[in-house]
Amino acid sequence: MSGEDEDASDGSEKRRAPLADPISLSDSVVLAVVAVALGGLGLRLVGLGARPFHWDEARVGYWALRFIDTGAYQYRPIAGGPLLYLLDRALFALLGVSEGIARLPVAVLGAALPLVALLFRDYLDDAETVLFAVILAVQPFLLYYSRFLRGDVPLALFGLAAVGFALRAWDRRSRRDAYAAAVSLPLAAASSGFVSGYLVCWVVAWILLVDQRSVAADRGSSVRATLGVLRGRLAGTTTPAARAGLLAVGVTAFLFAPRSGPGVEVGIYDPTTLHLAFYEGTVGALRRLVGVRIVHRFPDGTHAFLPYVGDAVGLLVSAALPVLLLGVATTLWTRYAPSRRPLVEGVGYWGLAAVVVFPTLSEVSAPWTLVHVVAPLSLPAAVGLAAVLRRGLAAVSRVEPDAGTIVAVVLVVVAVTAQAGAVTAADVYGPSDRSNELAQFAQPSDDLEGLESTARDVADDDPSTAEVHYVGSAYHVPADRSTRYPPVDDAWGNRLPLPWYFEAAGADTASTGNVSTFDSTYANASLPRIVVADPSHRDALAERLGPDYEVTTYRLGLWNREVVVFVRETGVAEQRAVET
């Protein structure tokens, strides 16, 4: 590939920048990458709160609101990592509550993805670095899920950053970069439990990369030589390594430690339970993750392997074809080229392994798993795209331009930009319906802001009376089961994403199993202003509630997930009473 060090006798990659040079804001490449990041931030902020909350987003948002209300938090792997809860709690307290504010931390961290390209400048030339940043800024999977309240994009950011800082620490013998890598790893773990997939992919990539061409021929002597070099480089680094390890443990403990409150007796800010909180934030968190995601997952949490991988490959082809083709082609080229580029090759292996690893780890076949494929493949894709562009420029600059090469390069560039632009326009900023390839089943198809606004209008700050009442066995949570902290009844999950909207509006909720119990509950009491029910109860409730209530059907999923909502507008009943 273009840009390789043809004169390198040791087969290693050419260093693209002097190892001792610090990053300078006057550096044109740095300025270009920063500009790309700012542009990416704008793309992520525009209309950030326009799309209704997905069920997963509603879970995170709801428990962040409960975190504010009670001050209690405890890491539960099934609910995701603690990072977004901590960030959203702070932002809600500072800026208020809305979908846009809730998604803001992910949007900002997603916009920081292009900056990671600067960590790899020792291995990439200027054009490759900038193109890597551009792909990270605008690739549709990364863009869509940077506007989504899940930890996948933050995990991709901190995973790439951990590798970048670790490489800089190794090459430059930099303690500062080693400490940055030590912080990046717990931040990655706090973003999502999918961090375990990153560890698997890194091991696979390292195994495939380590002297792959000669290990069979020399009976392992090259591997032993590599390990010898590793031991030599690590000699004398005990103290910095220990400091980095302590820093990683400390950050992990802070992020994962519980905060005491109702339902949580141990907290990091309670001096009497600090030692227990430290244990829960380190060993306890690991045990919870392994227990939930591995030990107790079998057999109910397992799934067929080939359908999930097939779905992943199909989505990659339809929404990330340029990155997939360029990434795979460049990885194979660097594998078999005379002069190797281990970083490009290894990161390519990471991305290819992720195609299998993350659909396997996921409990549902979902587009967000491909964030962890596209992010690493973006690096070899950028290297391949830079080579294609150089080939085109070389063809143009000849005395007799090579028309065939120029046309081929133009077609490649047009195809790359057109596919990315079409997916972005149709799916990233398009409607949340079944035609959207990046949307998952649990994405509501209807706008719920009007319902939230109504709930806010009728909320009375009196917890003894419920402004919202759920009717139906699918939504009924018995009175002896709390919804103020997890775990919660399965029926609560069936209500999603409505709990977020009602909680954000400050409305109190109650439930009954059927229309009969609803009648008995309100036989001698004022009817609630909002009633949410299964469509099967529509006629019975319409007869019971009468003409004062307006009924609307909401689609809470892309298909087969509807609820009917009865709303009595403020003053309607009173006005009817005056008229009669």
Side-chain angles (χ1 to χ4, degrees), residues 51 54-56 110 135-136 138-148 150 152-153 155-156 192 194 197-198 200-201 204-205 301-332 347-382 384-385 411-412 414-445 557-561:
R51 188 177 63 249
H54 182 280
W55 302 353
D56 279 9
I135 294 174
L136 291 175
V138 302
Q139 206 289 319
F141 277 109
L142 301 178
L143 183 55
Y144 185 93
Y145 286 104
S146 291
R147 297 160 50 80
F148 195 97
R150 273 187 62 94
D152 298 281
V153 168
L155 171 56
S192 171
F194 275 156
Y198 277 60
V200 173
C201 291
V204 170
T302 57
H303 56 73
F305 171 73
L306 290 179
Y308 276 50
V309 174
D311 289 346
V313 173
L315 272 173
L316 284 172
V317 170
S318 61
L321 186 59
V323 170
L324 179 65
L325 291 181
L326 287 168
V328 172
T330 305
T331 301
L332 294 176
V347 176
Y349 293 150
W350 167 7
L352 292 175
V355 177
V356 175
V357 170
F358 287 95
T360 303
L361 291 177
S362 177
E363 294 184 0
V364 295
S365 182
W368 55 68
T369 60
L370 301 182
V371 166
H372 311 293
V373 177
V374 171
L377 278 183
S378 297
L379 190 150
L385 183 58
L411 289 176
V412 169
V414 170
V416 168
T417 55
Q419 200 259 6
V423 174
T424 299
D427 296 336
V428 175
Y429 298 104
S432 301
D433 56 28
R434 296 181 65 175
S435 67
N436 192 323
E437 293 184 295
L438 301 182
Q440 196 261 349
F441 161 73
Q443 175 63 53
S445 299
L558 295 185
W559 62 85
N560 196 30
R561 184 66 182 269

Point to revise | Sequence-distant partners of Ser146, side chain to side chain donor-acceptor pair (under 3.5 Å), two or more places apart | key: Arg44

Revision key, fill the gap. Sorted by chain and number, sequence neighbours left out, salt bridge (Lys or Arg N to Asp or Glu O under 4.0 Å) with Asp427 holds for none

Check your understanding: Does the side chain of Val356 come within less than 4.5 Å of Phe305's, by heavy atoms?
Key -> yes

Check your understanding: Is the closest side-chain heavy-atom distance between Pro367 and Tyr145 below 4.5 Å?
Key -> yes

Point to revise | Set of ring pair (Phe, Tyr, Trp, His ring centres under 6.0 Å) partners for Phe441, sequence neighbours left out | key: Trp55, Trp559

Check your understanding: Got a sec, which residues hit salt bridge (Lys or Arg N to Asp or Glu O under 4.0 Å) with Arg51, two or more places apart in sequence or on another chain?
Key -> none

Study note, to complete from the structure: Closest heavy-atom pair, Gly327 versus Pro380, reported as atoms and distance to 0.1 Å, is O-CB, 3.8 Å

Study note, to complete from the structure: Residues at least two apart in sequence or cross-chain that pass side chain to side chain donor-acceptor pair (under 3.5 Å) with Arg147, listed by chain then number, are none

Practice item. Kindly indicate whether the side chain of Asp152, heavy atoms from C-beta on, has any atom under 4.5 Å from the side chain of Phe194. Key: yes

Exercise for review: Please round to the nearest 0.5 Å and tell me the distance separating atom CG of Asp56 and atom CZ of Phe148.
Suggested key: 6.0 Å

Revision key, fill the gap. Closest heavy-atom pair, Val204 versus Ala353, reported as atoms and distance to 0.1 Å, is CG1-CB, 4.1 Å

Practice item. To the nearest 0.5 angstrom, please state how far the CG atom of Leu558 sits from the CG atom of Asn436. Key: 8.0 Å

Point to revise | Separation between CZ of Phe141 and CG of Leu438, rounded to the nearest 0.5 Å | key: 5.5 Å

Review point. Hey, what do you get for CG (Leu352) to SG (Cys201), rounding to the nearest 0.5 Å?
Key: 10.0 Å

Revision key, fill the gap. Side chain to side chain donor-acceptor pair (under 3.5 Å) filter on Tyr198, not counting sequence neighbours, yields His372

Exercise for review: Could you tell me the separation between the CD atom of Gln440 and the CZ atom of Arg150, rounded to the nearest 0.5 Å?
Suggested key: 8.5 Å

When the side chains of residues 310-326 are checked against the rest of the protein, which donor-acceptor pairs come out under 3.5 Å, sequence neighbours left out?
from	atom 1	to	atom 2	distance (Å)
Asp311	OD2	Ser365	OG	2.9
Ser318	OG	Gly314	O	3.2
Ser318	OG	Leu315	O	3.1
Ser318	OG	Glu437	OE2	3.1

Review point. Would you call Leu143 and Thr424 a side-chain contact if the rule is heavy atoms closer than 4.5 Å?
Key: yes

Check your understanding: Run the side-chain contact (heavy atoms from CB on, under 4.5 Å) check on Gln139 and Tyr144 step by step: do they pass?
Key -> CA-CA 9 Å; Gln139 206 289 319; Tyr144 185 93; over 6 Å; no

Check your understanding: Are any side-chain N or O atoms of Ser378 and backbone N or O atoms of Leu136, one a donor and one an acceptor, separated by less than 3.5 Å?
Key -> no

Check your understanding: Can you tell me how far the CD atom of Glu363 sits from the OG1 atom of Thr369, to the nearest 0.5 Å?
Key -> 13.0 Å

Check your understanding: Hey, mind stepping through Val373 and Leu370 against side-chain contact (heavy atoms from CB on, under 4.5 Å) and telling me if it holds?
Key -> CA-CA 5 Å; Val373 177; Leu370 301 182; 4.1 Å; yes

Exercise for review: Please list, chain by chain and in numerical order, all residues satisfying side-chain contact (heavy atoms from CB on, under 4.5 Å) with Ala375, sequence neighbours excluded.
Suggested key: Leu142, Ala156, Leu160

Review point. Is the side chain of Tyr349 donor-acceptor paired with the backbone N or O of Thr331 at a distance under 3.5 Å, no angle test?
Key: no

